[in-house]
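Below is one structure, written out as structure tokens; the observations come after it.
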There are 2 protein chains.
Amino acid sequence: MFSKACKYAINAMIYVASLPENGQRAGLKEIAKAINSPEAFTAKILQQLVRDELLNSAKGPHGGFEIQGNPNTITIAQIVGSIDGDMIFTGCALGLEKCSEDHPCPVHHKFKAVRDHLTGMMLTTNLKDIATRVNDGISFLKY
Amino acid sequence: MFSKACKYAINAMIYVASLPENGQRAGLKEIAKAINSPEAFTAKILQQLVRDELLNSAKGPHGGFEIQGNPNTITIAQIVGSIDGDMIFTGCALGLEKCSEDHPCPVHHKFKAVRDHLTGMMLTTNLKDIATRVNDGISFLKY
DNA sequence: ATATTTAAAGATATTTTTGTCTTTATTTAA
DNA sequence: TTAAATAAAGACAAAAATATCTTTAAATAT
């Protein structure tokens, strides 16, 4: 479904969003440890999220990462789009270049319904809600 | 969503299923050309489908591949399972090992609905129905 | 100013996936 | 019984994804 990079990205964003509002920024090491991901690889992914303005970063002592803007307005769809691109939203399930409503691949209509379901879910699932459930101990970031 | 190998597999199965019932078997070259896939790589994939008893193969002149059993009873789910395994049906969206109803990852419930939709669709979509639509010119295997 | 802490950038390495090539085995037909 | 046609198997190659390492840049605190 998602690349590993994308899974790390979602996990990392949820972790950062779950931290107390007025707390310190989260450093790379802290994030990688929290989500059980390889540190250097995670750094690359965070850089991409910063480039796409989903995270802010600061160098130096007490530097680190924080959510850019309101976690309420950041969706899973944005994170996925940043790391995996939008083929998952728009691409043909069978990989055909010219698959469309007018010229559908053999599974086009069946998959369209699933894809629309997936897309809708991702667009309407925001970081704040997810982070709240993590903080309430209702869901978990590892193990 | 699916690996390229899996996409080739689905396409190939649909192509073979779309051939006339009493016709010749389809050879590797014919299949690869029909679905626009690399020949040698396609060969590996077809071998796997034969191992998993979704296809029959025969060597020698007039050899080739044919659907094993009734195309009515072969589902997309079986083809996907043969090539990509069943992580797409059962795996955690965020890649967590211990994600379950009792110990859900942060997006577990949201994704469960989508995954169940996907799984149900794949389980209820059989080759015969798809092949029929290809034969009727309602859907297309390439371009 | 300098040392320390941190992220960014870029080079490199490893693993997985995708793809190819060569050889072997089997079947058919002449 | 030999030649041709085909898939199977296995070795190899290329590309992409994942992961690491090294150097640089920026910020802070002393």
Side-chain angles (χ1 to χ4, degrees), chain A residues 1-13 15-16 23-33 35-68 80 82-85 87-88 91 94-95, chain B residues 1-13 15-16 23-33 35-68 80 82-85 87-88 91 94-95:
Chain A
M1 186 85 92
F2 303 134
S3 68
K4 288 183 85 167
C6 188
K7 293 172 184 175
Y8 294 146
I10 298 172
N11 274 116
M13 290 292 286
Y15 173 71
V16 175
Q24 302 282 302
R25 281 179 277 253
L28 169 63
K29 278 182 196 166
E30 175 188 347
I31 295 173
K33 188 169 293 180
I35 69 173
N36 214 23
S37 67
E39 206 174 296
F41 189 45
T42 304
K44 298 300 183 188
I45 295 161
L46 296 178
Q47 280 175 36
Q48 178 63 34
L49 294 170
V50 169
R51 265 181 242 117
D52 283 345
E53 304 184 352
L54 298 175
L55 284 178
N56 278 322
S57 69
K59 293 179 184 177
H62 313 304
F65 300 86
E66 64 195 349
I67 300 294
Q68 178 161 356
V80 171
S82 171
I83 305 298
D84 278 354
M87 285 308 275
I88 192 158
L94 298 187
Chain B
M1 188 84 91
F2 303 134
S3 68
K4 288 184 84 167
C6 188
K7 293 172 185 175
Y8 293 146
I10 298 171
N11 274 117
M13 289 292 285
Y15 173 71
V16 176
Q24 301 282 304
R25 282 180 275 254
L28 169 63
K29 277 181 195 167
E30 175 188 347
I31 295 171
K33 188 170 291 183
I35 69 173
N36 214 24
S37 66
E39 204 175 297
F41 190 43
T42 304
K44 300 298 183 188
I45 295 161
L46 297 178
Q47 280 175 37
Q48 178 64 34
L49 295 170
V50 169
R51 266 183 242 117
D52 284 344
E53 305 184 351
L54 298 174
L55 283 179
N56 279 321
S57 69
K59 294 179 184 176
H62 312 304
F65 300 86
E66 65 195 347
I67 301 294
Q68 179 162 356
V80 171
S82 171
I83 304 298
D84 277 355
M87 286 306 277
I88 193 157
L94 298 186

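This structure is a prediction, so every number in the text was calculated from the model and none was measured. Note that these values count all heavy atoms, side chains included, but never hydrogens, waters or copies made by symmetry. Convention: sequence-line order gives letters A, B, ...; per-chain numbering from 1.
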Practice item. Decide side chain to side chain contact (heavy atoms under 4.5 Å, CB included) for B/Ile67 and B/Leu54; before the verdict, give the C-alpha distance in whole Å, the side-chain angles of both, and the deciding distance to 0.1 Å. Key: CA-CA 6 Å; B/Ile67 301 294; B/Leu54 298 174; over 6 Å; no

Exercise for review: Send over the distance from A/Ile83 CD1 to D/dA17 P, rounded to a whole Å.
Suggested key: 13 Å

Is there any protein nitrogen or oxygen under 3.5 Å from a nitrogen or oxygen in nucleotides 7-14 of chain D, and what are the pairs?
| from | atom 1 | to | atom 2 | distance (Å) |
| --- | --- | --- | --- | --- |
| D/dA7 | OP1 | B/Leu28 | N | 2.9 |
| D/dA7 | O3' | B/Ser57 | OG | 3.3 |
| D/dA8 | OP1 | B/Ser57 | OG | 2.8 |
| D/dA9 | N7 | B/Lys44 | NZ | 3.4 |
| D/dG10 | N7 | B/Lys44 | NZ | 2.7 |
| D/dG10 | O6 | B/Lys44 | NZ | 2.8 |

**Study point:** Residues which pass side chain to side chain donor-acceptor pair (under 3.5 Å) with A/Tyr8, listed by chain and number, not counting sequence neighbours
**Key:** none

Study note, to complete from the structure: Nearest heavy-atom approach of B/Glu30 to B/Tyr15 is OE2-OH, 2.5 Å

**Study point:** Relative orientation of the end axes in the helix from C/dA1-D/dT30 to C/dA30-D/dT1, expressed as an angle to the nearest 10° (five pairs per end)
**Key:** 0°

Review point. Short question: side chain of A/Asp84, backbone of A/Ser3 - any donor-acceptor pair under 3.5 Å?
Key: yes

Review point. Between B/Phe2 (CZ) and C/dT18 (P), how many Å, whole number?
Key: 13 Å

Point to revise | Closest listed nucleotide, where the reference is the side chain of B/Ala40 and the choices are D/dA27, C/dT20, D/dA5 | key: C/dT20

Review point. For B/Asp84 and B/Pro61, take the nucleotide of DNA chain C holding the closest heavy atom to each; which residue's nucleotide lies nearer the 5' end?
Key: B/Asp84

Can you list, pair by pair, the side-chain donor-acceptor contacts under 3.5 Å of residues 35-44 of chain A, counting residues two or more places apart and other chains?
| from | atom 1 | to | atom 2 | distance (Å) |
| --- | --- | --- | --- | --- |
| A/Ser37 | OG | A/Thr42 | OG1 | 2.6 |
| A/Thr42 | OG1 | A/Pro38 | O | 2.5 |

Practice item. Please report, rounded to the nearest Å, how far the C1' atom of C/dT6 is from the NZ atom of A/Lys33. Key: 16 Å

**Study point:** Any B/Tyr8 side-chain nitrogen or oxygen under 4.0 Å from OP1 or OP2 of C/dG19
**Key:** yes

Exercise for review: For B/Asp52, enumerate each residue passing the side chain to side chain donor-acceptor pair (under 3.5 Å) test, keeping only those at least two apart in sequence or located in another chain.
Suggested key: B/Gln48, B/Ser82

Point to revise | Option among B/Gln47, B/Arg25, B/Glu66, B/Met13 that satisfies the side-chain contact (heavy atoms from CB on, under 4.5 Å) test with B/Leu55 | key: B/Met13

Exercise for review: Walk me through it: do A/Met1 and A/Ile88 pass the test side chain to side chain contact (heavy atoms under 4.5 Å, CB included)?
Suggested key: CA-CA 8 Å; A/Met1 186 85 92; A/Ile88 192 158; 4.2 Å; yes

Quick test: give all pairs of protein nitrogen or oxygen and nucleotides 13-16 of chain C nitrogen or oxygen below 3.5 Å, distance rounded to 0.1 Å.
none

Practice item. To the nearest Å, give me how far apart CD1 (A/Ile45) and C1' (D/dA17) are. Key: 11 Å

Review point. Can you tell me how far C1' of C/dA7 sits from CG of A/Leu49, to the nearest Å?
Key: 14 Å

Study note, to complete from the structure: Those residues at least two apart in sequence (or on a different chain) that pass side-chain contact (heavy atoms from CB on, under 4.5 Å) with B/Glu53 are B/Gln68

Exercise for review: To the nearest Å, give me how far apart CZ (A/Phe41) and P (C/dA9) are.
Suggested key: 17 Å

Check your understanding: Expressed in angstrom and rounded to an integer, what is the separation of A/Met1 atom CE from D/dA17 atom P?
Key -> 18 Å

Study note, to complete from the structure: For B/Leu46 and B/Ala12, the nearest pair of non-hydrogen atoms, with its separation, is CD2-CB, 4.0 Å

Study note, to complete from the structure: Residue pairs passing the ring-ring contact (aromatic ring centres under 6.0 Å, His included) test with at least one member in residues 49-68 of chain B, sequence neighbours excluded, are none

Point to revise | Nearest-angstrom distance from the residue atom NZ of A/Lys7 to P of D/dA19 | key: 11 Å

